[in-house]
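Protein chains get the first letters and strands the later ones, always in sequence-line order, with residue 1 at the start of each.
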Protein chains: 2
Amino acid sequence: MAKLSPETLRERSDHILDAAGRCFARAGFHRTTMQDICREAEVSPGALYIYFTSKEALIAGICERERAEFANRFAQMPVGSDLMGALANLGRQFLEDPLHRRLLCVEVGIEATRNPKVGEIQKSVEGFIRGSFHDLFTKLEAEGRIAPTFDIDTVVDAFMTIADGMLWRSAVDEKFNGDVVLPPLLQAIAALLRPVADEAKP
Amino acid sequence: MAKLSPETLRERSDHILDAAGRCFARAGFHRTTMQDICREAEVSPGALYIYFTSKEALIAGICERERAEFANRFAQMPVGSDLMGALANLGRQFLEDPLHRRLLCVEVGIEATRNPKVGEIQKSVEGFIRGSFHDLFTKLEAEGRIAPTFDIDTVVDAFMTIADGMLWRSAVDEKFNGDVVLPPLLQAIAALLRPVADEAKP
DNA sequence: CGTGAAAAAGAACGATCATTCGTTTTTATT
DNA sequence: AATAAAAACGAATGATCGTTCTTTTTCACG
C-alpha cells in the first residue's frame, strides 16, 4: 500500500539531489560523505537510502539531471536573425548561473572518464549538444547565412572546444570575468563561422 | 650520519612521484589510495612516508613538478618569424604528450579550487604562463607584427581560454583529435591576434 | 669485515566512510 | 480514532584508508 504520493516522492528525491549537488560542487564527488549530504538535506541516512540505493546512484542522478537541464536550455535556443547575438546570449546565460552548477559540470566531465555509468550519461549529453549545433550550423550554411572555411563537423568541434574552455575557466579561475572574455571569444568564433555581411540586421 | 647520496634520494623521490602521477591521473586524487601508489612504485608504506610526509605532500609535489615542466616548455617557446606556426607547434607539443599528463593538469586545476596549498601553486603556474604570453603579445604588437582589436590583457584571457578548452577536451573527450581541431582553432586565434599580412615569411 | 645509523618493510592502529538494521514516527485508509 | 504499512531515524557495522611503529635490511665508514 503506497503511502506517499508520487509527487511528494519526486519532491523529496529532488530535494536530496539538490543537497547532493551543492555538496559535490563544494568538495567533489569523492570527498563528500553521505553524512555531508544527509546534513545538507536534513535527512537521515536511512531516509536517503530509500531514495538512492548508493552513492553511485546519487552521482548518476546528478548527471541525469544535468543532462535534462542542458538539453532543455539548448533546445530552446533562440535562432533569431542575429546569430552572433544569439550565441552571445547563450554564453551569458551559462555564465550567469551559479558557480556551483558550472563546477558540477566540470566534475561530471572528469568523473565520466573514470565511471562507466557516468561516462554513458555524459556521452549522451555531448551527443545532444553537438547534434544541436551541427543541425543549426548546417541549416545556416544552407541558407547562406554563414560561410565557414572548414566543414561543419570540424567547426562544431572547434566551437565546442572554445565553449568548454569558457566553462572550465569560469569554474576554475577565480579572476574569471565573462564580460571581458566573451567579446573577444565571439570575435574568434565569428572567424570560424564567418557570418555573411548582412547577417546582423536583415 | 647520512646514508644515501642526495642524488639517490632525489631519484627515489622522483620515482615515487612518477608512480603517484600515474595513479592520480588514472583514478583522481581522492580515489587513489596510498597502497595504490606503493604498489605502483614498488615501495612499502614505511619507505614512502620517508620521502613524503602525507598524501597532501604527494599532491603538492605533483603540482610543483607540473609547474616546473610547464614553465620550462613555455620558457623555451621558439618565437621565430612565423608566429602562427610557432603557436601551432606549441599546441601540437602539448597534445603529443601522454594523456595521463593532460588528465593530471585537469585534476590539478580542480583540486586547486578546493585545496589552498594546491591553489597557491596553481596560481603561480597560471601567473607564469599568462605573463609569458602577455610579454610575447606586447612585444609583437609593439613591433607591428600583430594588431589585435582588444587590449593585450583581454587577448591573453581569450587566448588562454581557448588553450584550456583544448587541454580539457583532449583530456576528457575520447574522440578528441588534435589534428582536426587545431587548424580551425588557429584560425580563431588569428582573428584575435590579427597578425599583419607579411608576418608569415618576412 | 664489523658496526651503527639510516632506510625499508609490512603488520597494526585508529579514524572515517558507505551502508544496514532494529526501532520509532508518520500517514493514507478504514 | 484505529491500524497497518511505508517512511524516517540514527546507532551500529564492517570495510577501507591514511598513517604509525616495530622489526629487519642495507650501506657508508672505521
Side-chain angles (χ1 to χ4, degrees), chain A residues 1-63 107 111 114-118, chain B residues 1-63 107 111 114-118:
Chain A
M1 174 175 286
K3 273 303 219 45
L4 259 39
S5 67
E7 307 94 67
T8 315
L9 243 49
R10 171 71 190 220
E11 210 170 81
R12 305 230 167 133
S13 151
D14 274 353
H15 173 71
I16 292 173
L17 229 39
D18 286 339
R22 285 191 297 273
C23 292
F24 286 151
R26 190 186 306 136
F29 285 138
H30 303 290
R31 258 201 310 203
T32 83
T33 72
M34 294 304 257
Q35 286 297 341
D36 289 338
I37 298 168
C38 288
R39 216 173 300 126
E40 181 83 21
E42 298 183 80
V43 152
S44 73
L48 196 158
Y49 273 82
I50 290 174
Y51 293 93
F52 297 92
T53 59
S54 69
K55 193 179 180 182
E56 271 252 324
L58 217 34
I59 295 177
I62 288 281
C63 296
E107 190 76 20
E111 182 69 11
R114 292 166 184 154
N115 179 330
K117 190 169 285 175
V118 174
Chain B
M1 177 174 285
K3 274 302 218 47
L4 260 40
S5 67
E7 306 92 69
T8 314
L9 243 48
R10 172 70 189 221
E11 210 170 80
R12 303 226 168 133
S13 152
D14 274 352
H15 173 72
I16 292 174
L17 229 38
D18 286 339
R22 285 191 299 273
C23 292
F24 286 151
R26 189 186 309 135
F29 286 137
H30 302 290
R31 258 204 307 208
T32 83
T33 71
M34 293 304 256
Q35 287 296 340
D36 289 338
I37 298 168
C38 288
R39 215 172 301 126
E40 180 84 22
E42 297 183 83
V43 151
S44 71
L48 195 157
Y49 273 82
I50 290 173
Y51 293 94
F52 297 92
T53 58
S54 69
K55 194 179 181 183
E56 270 251 323
L58 217 35
I59 295 177
I62 288 281
C63 296
E107 190 75 21
E111 181 69 10
R114 291 166 185 153
N115 180 328
K117 191 169 283 176
V118 174

Residues passing the side chain to side chain donor-acceptor pair (under 3.5 Å) test with B/Glu56, sequence neighbours excluded, are B/Asn115
The correct set of residues in residues 9-31 of chain B placing a heavy atom under 4.0 Å from DNA chain C is B/Leu9, B/Arg12
Applying side-chain contact (heavy atoms from CB on, under 4.5 Å) to A/Ala25 and not counting sequence neighbours gives A/His100, A/Leu103, A/Leu104
Give A/Thr32 one of three labels, base, sugar-phosphate or nothing, depending on what nucleic acid heavy atoms sit under 4.0 Å from its own. sugar-phosphate
Per the under-4.0 Å heavy-atom filter, residues of residues 34-45 of chain A near DNA chain D come out as A/Val43, A/Ser44, A/Pro45
The side chain to side chain donor-acceptor pair (under 3.5 Å) partners of A/Ser13 (sequence neighbours excluded) come to none
Sequence neighbours excluded, the answer for salt bridge (charged side-chain N to carboxylate O under 4.0 Å, His left out) partners of A/Asp18 is A/Arg65
Residues at least two apart in sequence or cross-chain that pass side-chain contact (heavy atoms from CB on, under 4.5 Å) with B/Arg31, listed by chain then number, are A/His30, A/Glu111, A/Arg114, B/Ala27
Contact check, residues 48-63 of chain B vs DNA chain C, heavy-atom distance under 4.0 Å, returns B/Ile50, B/Tyr51
Sorted by chain and residue number, the side chain to side chain donor-acceptor pair (under 3.5 Å) partners of A/Thr53 (sequence neighbours excluded) come out as none
Quick note, ring pair (Phe, Tyr, Trp, His ring centres under 6.0 Å) partners involving residues 39-61 of chain B, not counting sequence neighbours, are none
Sorted by chain and residue number, the side-chain contact (heavy atoms from CB on, under 4.5 Å) partners of B/Thr33 (sequence neighbours excluded) come out as B/Gln35, B/Asp36
- Item | Donor-acceptor contact present, side-chain B/Lys55 to main-chain B/Phe29, <3.5 Å | yes
By side chain to side chain donor-acceptor pair (under 3.5 Å), A/Arg22 pairs with (sequence neighbours left out) A/Glu40
